[in-house]
Participant: 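Pasting a structure here, questions to come.
Chain naming here is simple, since letters A, B, ... match the order of the sequence lines and numbering starts at 1 in each.
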There are 2 protein chains.
Amino acid sequence: MPLEKELGLKEPIATSEHEAVLNIYYTASLLKKCADDFFRDFGLTDVQFNVLALIEYQSGSAGGLTQAKIGEMMLVNRANITSLIDRMEKSQLVERTADTDRRTNIIKMTAKGKKLFTKVEPLYLKQVRQVMSPVDKPEQKKIITVLEKIRMGLSEDTMKNFKE
Amino acid sequence: MPLEKELGLKEPIATSEHEAVLNIYYTASLLKKCADDFFRDFGLTDVQFNVLALIEYQSGSAGGLTQAKIGEMMLVNRANITSLIDRMEKSQLVERTADTDRRTNIIKMTAKGKKLFTKVEPLYLKQVRQVMSPVDKPEQKKIITVLEKIRMGLSEDTMKNFKE
DNA sequence: AACAGATTGTATATATGCGAACTATCTTGT
DNA sequence: ACAAGATAGTTCGCATATATACAATCTGTT
């Protein structure tokens, strides 16, 4: 079904460029809902799973990551990380540990967190493969390239001079 | 900059399929942030702008939309719409009006809302064109097609049998 | 007409997102 | 060594998302 139909847009405000933007939003939103559904049964959210994945694969010598680093890699404001880690600590998936820099916490997975991640990761990857199965490799390459181009159009400098 | 680099993924959990999914999320998230920044200066959020656009272009004979219809078109739970319309009513952009079906509210733009929408819409479309300018029309068509294919992989039936 | 079932909007609890302001701490320049 | 500035994490107020439960109302079947 074409997107305009699905969104009920009889007469979109829209240009074809706008339609492409809506399409990206919409697909990302459905992918996120789908991932959230998937993770819910494991007592996780997709954001929490991403934190575990980052700790698993991106930990440096410290064996964990600072909250600032997690925020940076997840592209979210560091203010979010406080409550996110609070919740994950409450469900005993991660723990805050001290660092030589007394301003920072090193976030590490607990045994429980590690065990859950090890169990969920392969199932998640299987699901991702399934979702992407209608799209062949050249097409995957193509969207990655095109989306990169769009992000170039989002650079700070470009984003000025649009308000009168 | 390639996405893995930007996200700091030395060793992503990732398959190439997963990279494509990350790419979609990431681009949508940046587009949304960018739109939010844009609308903030007008005292709007992107979600609120979308509500105004839906009322402007999708109103039936009633001259407005029910909350359920807005939720359906924006693909969000109708429970969100209550507080969203509360805020928009508070800033006098829309108003709830009575319907013959006493369960429903008809949401209409106020004069103030209409005036703001008329002012902001062309500026927004100009911004969208600018953001999409590095991508030519055939490429726009291509991503729309590919994203549609991905959504097909998200259908209910496909989404089962992934949890052991 | 009456009852069962669907639908609408609301309320609540929870999980994210943002910006701004704050404290504690580290770093840097003099 | 010390003041100025940068950085990390927290807290606040807000906007948005979810699922769930509920009351009011409509609709369809008998």
Side-chain angles (χ1 to χ4, degrees), chain A residues 25-26 28-51 62 64-91 93-107, chain B residues 25-26 28-51 62 64-91 93-107:
Chain A
Y25 274 162
Y26 180 46
S29 146
L30 291 184
L31 281 169
K32 185 171 164 45
K33 278 177 199 173
C34 169
D36 268 332
D37 281 349
F38 174 81
F39 289 122
R40 183 172 308 116
D41 294 351
F42 301 103
L44 282 172
T45 65
D46 66 335
V47 174
Q48 293 181 14
F49 176 80
N50 289 335
V51 171
L65 295 168
T66 63
Q67 296 186 190
K69 194 71 194 162
I70 291 172
E72 184 192 315
M73 290 194 288
M74 293 177 63
L75 303 170
V76 299
N77 191 298
R78 69 181 193 283
N80 299 330
I81 307 298
T82 299
S83 55
L84 175 57
I85 297 300
D86 283 351
R87 285 185 295 273
M88 292 183 75
E89 232 178 0
K90 195 177 288 176
S91 46
L93 298 171
V94 299
E95 55 189 352
R96 288 175 164 98
T97 64
D99 189 27
T100 50
D101 182 339
R102 282 180 301 167
R103 289 171 308 178
T104 67
N105 302 321
I106 304 291
I107 311 301
Chain B
Y25 274 161
Y26 180 46
S29 146
L30 291 183
L31 281 169
K32 184 169 165 49
K33 278 177 199 172
C34 170
D36 267 332
D37 281 350
F38 174 81
F39 289 122
R40 185 172 305 115
D41 295 351
F42 301 104
L44 281 173
T45 65
D46 66 334
V47 174
Q48 292 180 15
F49 176 80
N50 289 336
V51 171
L65 295 168
T66 63
Q67 296 185 188
K69 194 72 192 161
I70 291 171
E72 184 192 316
M73 290 194 288
M74 293 177 62
L75 304 170
V76 299
N77 193 299
R78 71 180 193 283
N80 299 331
I81 307 298
T82 298
S83 55
L84 174 57
I85 298 300
D86 283 351
R87 285 186 296 272
M88 293 183 76
E89 232 178 0
K90 195 177 288 178
S91 47
L93 298 171
V94 299
E95 55 188 352
R96 288 176 164 97
T97 63
D99 189 28
T100 49
D101 182 339
R102 283 180 300 167
R103 289 170 309 176
T104 68
N105 303 321
I106 305 291
I107 311 301

Participant: Could you tell me how far apart Asp99(B) (CG) and dT7(C) (P) are, to the nearest whole angstrom?
Facilitator: 17 Å

Participant: Taking the side chain of Thr66(A) as its heavy atoms from C-beta onward, which of dG9(D), dG9(C), dG19(C) lies nearest to it?
Facilitator: dG9(D)

Participant: So Thr82(A), base contact, sugar-phosphate only, or nothing? Heavy-atom distance under 4.0 Å.
Facilitator: base

Participant: Using a heavy-atom cut-off of 4.0 Å across all strands, would you classify Asp101(A) as base, sugar-phosphate, or nothing?
Facilitator: sugar-phosphate

Participant: Mapping Ala68(A) and Lys32(B) onto DNA chain D by nearest heavy atom, which one lands closer to the 5' end?
Facilitator: Ala68(A)

Participant: Regarding Ser83(B), tell me which of base, sugar-phosphate or nothing describes its non-hydrogen contacts under 4.0 Å with the strands shown.
Facilitator: nothing

Participant: Would you say a side-chain N or O of Asn77(B) is under 4.0 Å from OP1 or OP2 of dA17(D)?
Facilitator: no

Participant: Base, sugar-phosphate, or nothing: which does Ser29(B) touch, judged by heavy atoms less than 4.0 Å apart?
Facilitator: nothing

Participant: Charged N to carboxylate O below 4.0 Å: is that the case for Asp86(B) and Lys90(B)?
Facilitator: no

Participant: How is Thr100(B) classified with respect to the nucleic acid when contacts are heavy atoms under 4.0 Å: base, sugar-phosphate, or nothing?
Facilitator: sugar-phosphate

Participant: Pick the closest DNA chain C nucleotide for Arg87(A) and for Leu65(B) by heavy atoms, then say which residue is nearer the 5' end.
Facilitator: Leu65(B)

Participant: Does a side-chain N or O from Lys33(B) land closer than 4.0 Å to OP1 or OP2 of dG17(C), or not?
Facilitator: no

Participant: From CZ of Arg40(A) over to P of dT16(C), roughly how many Å is that when rounded to an integer?
Facilitator: 11 Å

Participant: Among the nucleotides dC22(D), dG19(C), dT16(D), which one has an atom lying closest to any side-chain atom of Arg78(B)?
Facilitator: dC22(D)

Participant: Using a cut-off of strictly less than 4.0 Å, decide whether Asn105(B) has a side-chain nitrogen or oxygen near OP1 or OP2 of dT10(C).
Facilitator: yes

Participant: Tell whether Arg103(B) reaches the base of dT7(C) with its side chain through a donor-acceptor pair below 3.5 angstrom.
Facilitator: yes

Participant: Phosphate oxygens OP1/OP2 of dA23(D): is one of them under 4.0 Å from a side-chain N or O of Arg102(B)?
Facilitator: no

Participant: Val47(A) side chain: which of dT16(C), dA17(D), dT11(D) is closest?
Facilitator: dT16(C)

Participant: Looking at side-chain heavy atoms only, is the closest gap between Thr97(B) and Asn105(B) below 4.5 Å?
Facilitator: no

Participant: Does Glu89(A) reach the main-chain N or O of Arg96(A) with its side chain, forming a donor-acceptor pair under 3.5 Å?
Facilitator: yes

Participant: Going by the rule side-chain hydrogen bond (donor to acceptor under 3.5 Å, both in side chains), which residues pair with Asn50(A) if we only count those two or more places apart in sequence or in a different chain?
Facilitator: none

Participant: Just to confirm, is there a sub-4.0 Å distance from OP1 or OP2 of dT16(C) to any side-chain nitrogen or oxygen of Thr45(A)?
Facilitator: yes

Participant: Is any side-chain heavy atom of Asp36(A) closer than 4.5 Å to one of Thr45(A)?
Facilitator: yes

Participant: Would you classify Leu84(B) as touching base, sugar-phosphate or nothing, given that sugar-phosphate means primed atoms plus P, OP1 and OP2, and contacts are heavy atoms under 4.0 Å?
Facilitator: sugar-phosphate

Participant: Would you tell me if any nitrogen or oxygen in the side chain of Arg96(A) comes within less than 4.0 Å of OP1 or OP2 on dG9(D)?
Facilitator: no

Participant: I'd like to check Phe39(A) versus Gln48(A) (side-chain heavy atoms, cut-off strictly below 4.5 Å). Are they in contact?
Facilitator: no

Participant: When you measure from the side-chain N and O atoms of Gln48(B) to the phosphate of dT16(D), is any distance below 4.0 Å, counting only OP1 and OP2?
Facilitator: yes

Participant: Quick one: on DNA chain C, does Ile81(B) or Asn80(A) contact a more 5' nucleotide (nearest heavy atom)?
Facilitator: Ile81(B)

